[in-house]
Every structure is written in structure tokens, then in C-alpha cells.
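Take a look at the structure set out below.
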Amino acid sequence: MTTPNVSTSRRKAPAIVDPLELNPHDLSATLYNNDLAPTTKKGRTWSSYSIFTLWANDVHSLGNYAFAIGLFALGLGGWQILLALGFGAIFLFALLNFSGFMGEKTGVPFPVLSRIAFGIRGAQIPALIRGAVAVAWFGIQTYLASVVLAVMVLAVAPGAAAINDNNILGLSTLGWICFVSLWAIQLVIVSYGMEMIRKYEAFAGPVILFTMGALAIWMFIQAGGSIAWSTGEAKTGADMWLGILGGGALWVSIYATFVLNFCDFTRGAKSKGSIVRGNFYGIPLNMLLFGVIVVVMTGAQFKIDGTIIQSPSDVVESIPNTFLLLAASTALLVLTIAVNLMANFVAPIYALTNLFPKHLNFRRAGMISGVIGLLILPWNLYNSPAVITYFLGGLGAILGPLFGIIMADYWIMRRAKVNIPDLYRTDPKGTYFFTRGVNFRAVIALVVSAVAALILAFSPAFTHLSSFAWFIGSGLGAIVYLAIAKHGQDYKDVSGEEIAVAPTH
């Protein structure tokens, strides 16, 4: 279908033409472009398999393995870890369905969806917070992948060690070559848009599942066909259950970014059923497989030599066959890129597009996001505990309150009724104009609940509650917002199909 024209101060219609014919829906160029527009129902290509492969990649990320393996060090045994992951999976399944349904109904990305609660201008706040967290982690994850690539290069070409001893802005020459290579690959994939990301995730998912499963089987055989179910004296009683529930809560917190902007992906979902099926196979079932792999790998290694691995990369490094080692390492690189694209690249692209819709589209915003991820020299961020803890950790703590406010506004206040065309209008009488384009009630709720979330995250006095910080922050954000929000309004449900655009990437 044709793209609706939008109003702009730089372009004036000839006097002989009725302006309504140019822009019959009164859309604003400061709020609307092809990438921010709703997706047409017929143009949606994300099936249940597409949703499933998102989780097939993300659940099996190296960071998640490091987290789950770390639960052994906290005194949890194998079955207790499986139970903790199970609790987390149940919560995530529910949260992601609620979040995903919003994208499927409206067809809009997260920054536009945020306009419902925060206003057409106020939505820049949640979009930029989410984007800032993501772009920093994009750079960091690319750097971590480049370290794996450097190890592979040295294994194949030991002579490359000659360019691995110098230092240029914190990286060796080999380090720069590896980083820029992986950085460029991701930019190429993103330049083809969300459809290419979908295809890459669909390719990477089976590769990762096969690789991780094969590593677990190999470790099981190496350990003589049995494993250690604990790595020390396991917790019991109340401490055990607190550890299990805390582990499950932390597992949900890891996905605080994804439950917030899941609509960036489900806006392309074919139906609600696709989301539910994809989430079911990708979250509860896939996480059960993930937990089994964690327990087998860790328990087998502990039985073999009494040590606890840090991540699957430790297992890969111990593979005696060079060819198999390179194959497994390549799979880890495929995995890291897949996780980076979905978790850390899409969000800043839409945030920038939302900030400058008249000048940026998906591809241009992707290039800018990538350049920012390079210019921040992410290896220096990663090596700075203060930056990771206080800057990225602080921004991450705010994601819970954001989620609570947006969900409370959409599901409780509005009962999922959305006037989609008004999301792109600057009319002061529009549904989402509020006060000069900002819903200050939502902003106040965010400030109050964010302060509480930050105190929980960083105050030693609340260490015992830190595992549940996301839940507390999310709940507090919802409660405060519902307490001060303007009630008693009549909300209308207006389809956005007339202004929708078929995916062009």
C-alpha cells in the first residue's frame, strides 16, 4: 500500500491542492516515518518459529551460562538450579506474552508504544534510557566476541602473536582487526533491516542448540557417564528456598531489557498465537534444556577435576581436536552476534529513529548506533567496574519501573484500547498530547520508583532484597502511576491499518 504523506514545516502544498489530500490523517513528520509506522497485518513475517529462535539464541548466551553456573557457587545444587530457572521461566513466559501482545496489536516499535503512557514527546525518556543501555552493551558484547576470535586466529596462525603485543587505545593490532571485523559484520546484517535479523536468528538458533547440546554430551562422556549434582555443601531449608526464588528473580531481571521492548519484534508477528507458541517453546522448554546443559557441563567438569567452569568457552578451550575447537568457537561467535543483534542493536536504532524521524531511517540509525558502539571504546567500559556497576547498572535498575508504568497504563488504565493514528499527531486535543506532549504523571511515577529501585540496587542495607529489585521497582512504578494517573477517561480503540506500512526490509 502507499505510504501516507506527513506534514512538515519545510514543504508547503501548492495552493491549488487540498492539503487534506496530501495528508488526510494529519500525521506529523516529527513523529512518523516508514520505520516508526505501524506494520500492516498482511506484511508480517514473524512466525512462532521466528519468536522461538530469538530465545534459542538469547537464552544460550555466554552471559546467561556464566550467571547460571554462578548459582552453583552460591550453594545451589543441580535440581535446585533447575527449579530456580523454572520459576524464572514461568514469570518470563507470562511477562513476555503481555509485552508481546502490545506489539502484535499496534504494530509499532517500543519508542512509539511508549507514547501511550508518556506522551508523544515524553516517550523520548524511556526510548533513550533503553537505547543507551543497549548501545553500550552492543560494544561490550562485540569486544568479548572479538576476544574469542583473536584466540581462534592465534590457534590457526601462531605468527599473529607478533601483532598482539602492542597497545592502540587499549587494544592490540590483532584486537582491533578482530573487533572491527565483527563490528562490520553486524552493521552489514542490520543494514538490511529487521527481516535480515529475523533470517539470521532463524539460522543461528539451530546451530547454537546443536553446539551446546553436543558440548554437554561430550562432557558427560568425559566424566564417565555421570555428574556431580552439587559442587559443595548445598543449601537447605529457608536458605535454599530463598536462594531458589532469588535465582529465579535474577533470571527475570536479566531479561529486563527484553520484556520492555519485545514489541520491537512482535510488531511483525503474524498473530497472538505465534507469540504464545514461540514463547512457550523458547522460554519454558528451551530454558529447561538450557538448565540441563548447565548442570551437565558444570557437574561433569567438577567430577573430572573438582573445578567449576566459568562458561562454555572454558569447555571449548579444552577440546583436544583443533578442527572441532575452531568449529565450536565459530558457533560461539555466531551466537554472540545473534544475541547482540536482538538485545543490543535494535533498541538504539528505534530510539534514534524516534529522535530524528525526518532524517533517520532504520539503516542510517543502525550505522550511527554502530559508530557510537565503536567510539565509546567498549573494552575500556568493560574493564571499569564503576562504569558497569553505577552507569549501566543504574540505567538497568530503571527498566523495572518503566515496565511497570507502561504495563499498568496499557492493560489496567486503558484496557488495551489504543488510538493508533493519534500516536503520530501533534494536535493538542490528541489522545497522547497530554501537557506539551508529555504525561508528567508518568514522569513523576518514574522518578519516584526509579529512586527506590536505585536504592535497592546499590544500598548495602538492602542486599538481601537486591535479587528482587526488578520486581519491586516494576510493582512500585505501576502502583505510583495508578495512584496519580488521571482516571475516568473514555478511551477509544482506533486501528492503525490505514496509516500502516508493509515491512520494506
Side-chain angles (χ1 to χ4, degrees), residues 3-12 22-23 25-39 103 106-139 183 186-187 189-194 196-197 257 260-261 263-265 267 341 344-376 395 402 420-427 430 432-434 436-439 443 496 499-501 503-505:
T3 303
N5 293 310
V6 295
S7 61
T8 174
S9 59
R10 294 185 180 182
R11 186 186 308 135
K12 294 183 178 180
L22 295 178
N23 187 11
H25 301 287
D26 195 27
L27 309 180
S28 170
T30 62
L31 298 173
Y32 180 100
N33 66 19
N34 280 5
D35 296 299
L36 296 176
T39 54
T106 61
V108 303
F110 173 68
V112 177
L113 191 70
S114 299
R115 296 173 189 173
I116 300 172
F118 284 85
I120 56 173
R121 303 300 178 200
Q124 300 289 2
I125 296 172
L128 291 175
I129 290 174
R130 175 66 182 97
V133 173
V135 77
W137 280 113
F138 160 74
W183 175 84
Q186 293 175 90
L187 258 64
I189 295 173
V190 164
S191 70
Y192 288 95
M194 286 295 288
M196 181 58 71
I197 293 176
T257 54
L260 191 61
N261 74 306
C263 61
D264 285 342
F265 302 91
R267 65 186 297 234
L341 289 174
N344 300 319
F345 218 158
V346 172
I349 288 175
Y350 280 129
L352 287 173
T353 305
N354 188 59
L355 196 60
F356 304 107
K358 290 195 289 185
H359 306 288
L360 296 180
N361 57 20
F362 194 95
R363 179 173 295 178
R364 293 173 188 165
M367 297 301 108
I368 293 173
S369 298
V371 170
I372 294 173
L374 172 62
L375 293 179
I376 60 176
L395 286 177
L402 278 175
I420 296 176
D422 266 9
L423 293 171
Y424 304 95
R425 293 170 177 155
T426 54
D427 183 356
Y432 311 106
F433 189 81
F434 297 104
R436 296 187 294 277
V438 180
N439 183 4
V443 175
I499 62 170
V501 175
T504 56
H505 303 294

| request: Using the side-chain contact (heavy atoms from CB on, under 4.5 Å) rule, take Gln186 and Ile189 through it: C-alpha gap first, then chi angles, then the decisive distance, then the call. | output: CA-CA 5 Å; Gln186 293 175 90; Ile189 295 173; 5.6 Å; no
| request: Kindly indicate whether the side chain of Arg130, heavy atoms from C-beta on, has any atom under 4.5 Å from the side chain of Thr257. | output: yes
| Do any N or O atoms from the side chain of Arg115 and from the backbone of Leu423 form a donor-acceptor pair under 3.5 angstrom? | yes
| request: Find the distance between CG (Asp26) and OG1 (Thr426) and round it off to the nearest 0.5 Å. | output: 6.5 Å
| request: Give, for atom CG of Leu355 and atom CD1 of Ile368, the distance between the pair rounded to the nearest 0.5 Å. | output: 10.0 Å
| Just by modelled atom types, is the Ala117 backbone N or O under 3.5 Å from a matching donor or acceptor in the Asn439 side chain? | yes
| task | In sequence, state the C-alpha distance, the side-chain angles, and the governing distance for Phe138 and Trp183, and then conclude on side-chain contact (heavy atoms from CB on, under 4.5 Å). | result | CA-CA 9 Å; Phe138 160 74; Trp183 175 84; 3.9 Å; yes
| Side chains of Asp427 and Phe433 in contact at under 4.5 Å (non-hydrogen atoms) | no
| Are the side chain of Arg363 and the backbone N or O of Ser191 linked by a donor-acceptor pair below 3.5 Å? | yes
| field | Flag side-chain contact, heavy atom, 4.5 Å: Thr106 against Leu113 | value | yes
| task | Of all the heavy-atom pairs spanning Leu36 and Pro109, show the shortest one and how long it is. | result | O-CD, 3.6 Å
| query | About how many Å separate CD1 of Ile349 and CG of Asp35, when rounded to the nearest 0.5 Å? | reply | 9.5 Å
| field | salt bridge (charged side-chain N to carboxylate O under 4.0 Å, His left out) against Asp264, all qualifying residues, sequence neighbours excluded | value | none
| message | Is there a side-chain contact (heavy atoms from CB on, under 4.5 Å) between Asn34 and Asn361? Walk through the geometry before answering. | response | CA-CA 8 Å; Asn34 280 5; Asn361 57 20; over 6 Å; no
| request: Could you grab the distance from atom NE2 of His25 to atom CZ of Arg425, nearest 0.5 Å is fine? | output: 8.0 Å
| said: Do Val108 and Cys263 make a side-chain contact, defined as non-hydrogen atoms from C-beta onward lying under 4.5 Å apart? | reply: no
| Heavy-atom side-chain contact between Ile499 and Pro38 under 4.5 Å | yes
| field | Side-chain donor/acceptor of Gln124 to backbone N/O of Ala351, under 3.5 Å | value | no
| Step by step, would you call Asn33 with Thr353 a side-chain contact (heavy atoms from CB on, under 4.5 Å)? | CA-CA 9 Å; Asn33 66 19; Thr353 305; 3.4 Å; yes
| said: Test your reading of the model: is there a side-chain donor-acceptor pair from Tyr32 to the backbone of Lys358, 3.5 Å cut-off? | reply: no
| Counterpart residues, salt bridge (charged side-chain N to carboxylate O under 4.0 Å, His left out), relative to Arg121 (two or more places apart) | none
| Taking the six-membered ring for Trp, are the ring centroids of Tyr350 and Phe362 within less than 6.0 Å of each other? | yes
| request: With the side chain counted from C-beta on, respond yes when Phe265 and Met194 share a heavy-atom pair under 4.5 Å apart, and no when they do not. | output: yes
| Validation row: Val438, Phe118 side chains within 4.5 angstrom (heavy atoms) | no
| task | Ignoring hydrogens and angles, tell me if any N or O in the side chain of Ser28 forms a donor-acceptor pair with the backbone of Tyr424 under 3.5 Å. | result | no
| When rounded to the nearest 0.5 angstrom, what is the spacing between CG in Asp422 and CG in Leu31? | 10.5 Å
| message | Could you measure the distance from the OG atom of Ser114 to the CG atom of Asn261? Nearest 0.5 Å is fine. | response | 9.0 Å
| Taking side chain as C-beta onward, heavy atoms only, is Leu402 less than 4.5 Å from Ile129? | yes
| task | List the atom of Ala123, the atom of Pro111, and the distance in Å for their closest heavy-atom pair. | result | CB-O, 3.5 Å
